[in-house]
Colleague: 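Mind having a look at this structure? Questions to follow.
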Amino acid sequence: DAKTTQPTSMDCAEGRAANLPCNHSTISGNEYVYWYRQIHSQGPQYIIHGLKNNETNEMASLIITEDRKSSTLILPHATLRDTAVYYCIVRRDTGNQFYFGTGTSLTVIP
Amino acid sequence: GAVVSQHPSWVICKSGTSVKIECRSLDFQATTMFWYRQFPKQSLMLMATSNEGSKATYEQGVEKDKFLINHASLTLSTLTVTSAHPEDSSFYICSARGFGGTEQFFGPGTRLTVL
């Protein structure tokens, strides 16, 4: 599975959009981009995933570049409860195990 | 989404004892379960993959005789840490995947402290 690179930490003002980038320059054609988050001392929570088209759900939007070498997770109106570590994972669509990187620690500031 | 539970949520044990952690899929049948370990301020590290009715596949560097995994039913997998030592203290997290599914649903984790 392709390796991902994310910034170590980010801050975002409450109510503003949080944009979390992820580089996955070695992604292959059959690999999806997944985003999970982990609030302190809890299990990871699924956010969103996509292959090549932009995706949106009730939690977030996922923007994948045309060459698929990078993506951005957007939390449109960040709240204090969105403070967590966000993991970007690239994985084939066959349901194999996830290999987590270091993730981005997002802190939402009042 | 589907619900995965873990029991216990935390456990403290003495060095040299064995500890069993349960992972259950509550509202779906999990053909595959995964076990992860997370040390403080670190990311999740995959330990092993277990398929119902067959032996688990361990990641490189994970001792299969120390971390015994049993996936005897479609709703239950157990991880037994044998002869636990303080360095085994960690946050253990399981995830589960159902029939033909690509999604993984994670449990809430179990905090193990070995004294």
Side-chain angles (χ1 to χ4, degrees), chain A residues 1-9 20 22 24 27-53 55 57-60 62 83-107, chain B residues 1-7 9-10 21 23-26 28 30-51 56-62 69 77 90-113:
Chain A
D1 292 333
K3 183 179 178 180
T4 62
T5 305
Q6 299 176 252
T8 303
S9 64
L20 291 89
C22 179
H24 31 79
I27 193 171
S28 58
N30 62 350
E31 290 181 317
Y32 284 73
V33 180
Y34 282 79
W35 284 84
Y36 279 77
R37 72 180 182 183
Q38 186 180 27
I39 296 170
H40 183 63
S41 294
Q42 296 183 24
Q45 177 190 20
Y46 167 80
I47 302 173
I48 200 168
H49 77 283
L51 182 62
K52 55 183 179 181
N53 297 322
E55 302 287 344
N57 63 20
E58 65 277 5
M59 290 183 68
L62 173 61
T83 292
V85 177
Y86 288 76
Y87 295 100
C88 168
I89 304 164
V90 173
R91 195 195 69 174
R92 292 187 300 273
D93 63 352
T94 54
N96 291 335
Q97 50 272 59
F98 286 115
Y99 292 97
F100 285 78
T102 54
T104 296
S105 178
L106 175 68
T107 301
Chain B
V3 178
V4 175
S5 70
Q6 286 185 236
H7 178 80
S9 55
W10 58 270
I21 302 170
C23 176
R24 293 182 184 273
S25 56
L26 299 185
F28 69 103
T31 52
T32 307
M33 287 185 170
F34 306 89
W35 286 95
Y36 297 81
R37 179 169 54 182
Q38 186 176 33
F39 293 108
K41 298 189 183 300
Q42 295 186 23
S43 186
L44 285 78
M45 291 178 54
L46 179 67
M47 299 176 66
T49 302
S50 73
N51 293 295
T57 301
Y58 290 81
E59 294 295 303
Q60 190 172 7
V62 178
I69 292 172
S77 176
S90 188
F91 193 49
Y92 291 87
I93 305 169
C94 72
S95 69
R97 176 169 62 91
F99 286 110
T102 59
E103 297 306 314
Q104 285 189 35
F105 303 96
F106 285 83
T110 296
R111 176 78 57 191
L112 170 64
T113 301

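FYI, side chains are in, hydrogens and waters are out, and symmetry mates aren't considered; it's all heavy atoms of this structure. Residue numbering restarts at 1 for every chain, and letters A, B, ... go by the order of the sequence lines.
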Colleague: So which of B:Leu44, B:Ile93, B:Thr49 has the biggest tally of heavy-atom pairs under 4.5 Å with chain A?
Modeller: B:Leu44
Colleague: Could you tell me which portion of B:Gln38 (side chain, backbone, both or neither) has an atom closer than 4.5 angstrom to a non-hydrogen atom of chain A?
Modeller: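 Side chain of B:Gln38 only, per the 4.5 Å heavy-atom cut-off to chain A.
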Colleague: Please state whether the side chain, the backbone, both or neither of A:His49 comes within less than 4.5 Å of a heavy atom of chain B.
Modeller: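 Interface part for A:His49: side chain.
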Colleague: So which of A:Pro44, A:Gly43, A:Gly103 has the largest heavy-atom pair count under 4.5 angstrom toward chain B?
Modeller: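 Of the options given, most contacts go to A:Pro44.
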Colleague: Let me know if A:Gln45 has heavy atoms under 4.5 Å from chain B in its side chain, its backbone, both or neither.
Modeller: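 It is neither, since no heavy atom gets under 4.5 Å.
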Colleague: Using ring-ring contact (aromatic ring centres under 6.0 Å, His included) as the criterion, list what pairs up with B:Tyr36, not counting sequence neighbours.
Modeller: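 Once residues adjacent in sequence are excluded, the partners of B:Tyr36 under the ring-ring contact (aromatic ring centres under 6.0 Å, His included) criterion are A:Phe100, B:Phe106.
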Colleague: Decide yes or no for A:Phe98 and B:Leu46: does some side-chain heavy atom of the first lie under 4.5 Å from some side-chain heavy atom of the second?
Modeller: no
Colleague: Taking all non-hydrogen atoms of both residues into account, name the closest pair between A:Ser41 and B:Phe91 and its distance.
Modeller: O-CZ, 3.6 Å
Colleague: If you count heavy atoms of other groups shown closer than 6.0 angstrom to CE of B:Met45, is the number above 12?
Modeller: no
Colleague: Please round to the nearest 0.5 Å and tell me the distance separating atom OH of A:Tyr36 and atom CD of B:Gln104.
Modeller: 6.0 Å
